[in-house]
Amino acid sequence: MQLTNEIRDLARTAESALSDIFQKIDDTARLRTEQLLDVFREERVSESLFAPSTGYGYGDRGRDTIDRIAAKVFGAAAGFMRPSILSGTHALTIGLFGLLRPGDILLSITGAPYDTLHGVIGIGGKKGSGSLSDFGIEYVQIELGTHGGVDLPAVGAALQQYKDRIRVVFLQRSKGYQNRKTLTVEEIGAAAAFVKKEAGWNPYIVLDNCYGEFTEDREPCVLGVDLMIGSLIKNPGGGLADCGGYLVGSEQAVALAANRLTCPGVGLEVGASLGQNRNLLRGLFYAPHTTAQALRTAHLAAYIFQQLGYTVNPGPFELRSDIIQTIRLERGEALVEFCRGIQSASPVDAYVSPEPWDMPGYDDPVIMAAGAFVGGSSIELSADGPMRPPYLAFLQGGLTYESARLGIMAAADRCGPKK
């Protein structure tokens, strides 16, 4: 690749400075891999589970075993992981429609959710298309506190104001398209404990866990989350799952979500695996390692772009609870060049030059670099951002640190020092 010596030298300097951080990331990956292999052994994973099923999928042992493995790996009582779930947004839709009923309130305590959920909820003028709002479900939002965490006094006030009409308390772990801090497992657990203590009833704690899986030594289900939801073309698919999503949590919450996945009275008893069991299990096996590669990539990007004068979040030496790195580029042209740099170092479609476009479900034109083996996979090196000030690049993924490193250097070469 045509990279300047200055950028190559800066990458080597970054790696030396980040060596202790990289060691901590590797330690977490080792622990989570051991935990995962214990579950695989307990569930007697074998070649026979890879056999595909068709039609209704009755008697698909592989599918049923994967459901149990998903629950155990994430520290939940029950769960399911299915290739028929199209995306993280689809998985969240299944969970929210499964738990909420007309007249209920959905209370978000981490500010506005990711853009693609606006249409699901029916906010921002997006009504009339079968959203939660169309079914008489009210939405209430509480912004994060000035410290960047959950504003517990405001949450307590909302619980008192709306009382048992609040059926779901919703948290989003990662920043989405906002430049906020990511919540740690401990912070999510503290918020869940606060809600359960303050509420005189038992609302469901629902977590959008996208981008956060395997970044810490445990998952939020062990600290009181009732339904945790994510996508398999992000961390837990390990870059090998072709599609799919998961929902894990309490037995009651999972059963209600399962009835929405298929239909009431059927739940998890059906669902053809269509030959995807092998990819789901193999991807889950790779997930702790692949997530570690993505975390290394994020730290490297933070260091290099901070040295070039850009504002980055998180900083290069901050420990992380998700794989997302933001870089404030200030100019639309710089955001475009950043994404083109990432694309140029991709294993797929490296010759393509990304352009902003009106992606379905987003409020602004979005530019996206995604030279991935799986379409839209954001555990593979990708970068995207809405074309609006301050022109933030949202970087995530990296199947191998070695290739992702090249992508970061190519993007830095194109952007150059901040002007």
Side-chain angles (χ1 to χ4, degrees), residues 86-90 92-93 108 110-126 129 131 139 141 143-144 148 170 172-183 208 210-212 231 233-234 294 297-298 301-302 305 310-314 322-344 346 349 352-372 375-397 407-408 411-412 414-415 418-419:
L86 307 179
S87 65
T89 302
H90 184 205
L92 288 160
T93 301
S108 172
T110 51
Y114 191 66
D115 292 37
T116 55
L117 265 188
H118 293 189
V120 176
I121 297 169
I123 56 179
K126 297 182 178 181
S129 59
S131 66
Y139 174 73
Q141 178 176 305
E143 302 301 325
L144 291 169
F170 178 81
Q172 180 175 289
R173 183 172 181 173
S174 75
K175 54 181 58 64
Y177 271 164
Q178 300 178 54
N179 198 23
R180 67 163 175 87
K181 74 185 290 289
T182 296
L183 298 182
D208 176 354
C210 286
Y211 301 105
S231 165
I233 61 171
K234 297 182 175 65
T297 301
F305 277 88
Y310 296 92
T311 300
V312 299
N313 182 31
D322 73 359
I323 64 172
I324 299 176
Q325 177 66 48
T326 66
I327 300 159
R328 184 174 176 136
L329 294 165
E330 304 288 358
R331 299 177 297 114
E333 297 86 352
L335 176 56
V336 171
E337 285 302 313
F338 181 93
C339 289
R340 288 175 178 172
I342 296 296
Q343 189 77 30
S344 72
S346 299
D349 292 333
V352 171
S353 183
E355 296 285 349
W357 65 296
D358 294 315
M359 290 181 66
Y362 293 86
D363 296 328
D364 298 281
V366 172
I367 185 165
M368 179 174 290
S377 172
S378 43
I379 190 59
E380 302 185 50
L381 183 64
S382 61
D384 55 280
M387 297 301 294
R388 62 181 182 233
Y391 297 102
L392 292 169
F394 293 82
L395 174 81
Q396 55 274 318
I408 301 306
R414 282 178 172 260
C415 292
K418 183 180 178 182
K419 297 176 181 179

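This structure is a prediction, so every number in the text was calculated from the model and none was measured.
- Nearest approach of Ala411 to Phe305, heavy atoms of both residues: C-CZ, 3.9 Å.
- The two residues Ala301 and Gln325 come nearest to each other via the heavy atoms CB-CG, 4.4 Å.
- Looking at Thr297 and Ile408, their side chains come closer than 4.5 Å, going by heavy atoms from C-beta outward.
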Could you please spell out the steps behind the salt bridge (Lys or Arg N to Asp or Glu O under 4.0 Å) verdict for Glu333 and Lys419?
CA-CA 12 Å; Glu333 297 86 352; Lys419 297 176 181 179; over 6 Å; no
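- For the residue pair Asp384/Tyr177, the side-chain donor-acceptor check at 3.5 Å is satisfied.
- The shortest distance between side-chain heavy atoms of Asp364 and Met387 does not fall below 4.5 Å.
- Looking at Arg340 and Glu355, a side-chain N of the basic residue comes within less than 4.0 Å of a carboxylate O on the acidic one, giving a salt bridge.
- Using a distance-only test at 3.5 Å, with no hydrogens or angles considered, a donor-acceptor pair links the side chain of Thr326 to the main chain of Asn313.
- Residues Gln343 and Ser353 have side chains that never bring a donor and an acceptor to within less than 3.5 angstrom of each other.
- Taking the side chain to side chain contact (heavy atoms under 4.5 Å, CB included) definition, one finds that Thr110 meets it with Ser108, Leu144, Val150, Leu171, Gln172, Arg180, Leu183, sequence neighbours left out.
- Of the possible donor and acceptor atoms, none in the side chain of Ser346 sits under 3.5 Å from a partner among the backbone N and O of Asp349.
- Partners of Glu143 by side chain to side chain contact (heavy atoms under 4.5 Å, CB included), not counting sequence neighbours, listed by chain and number: Gln141.
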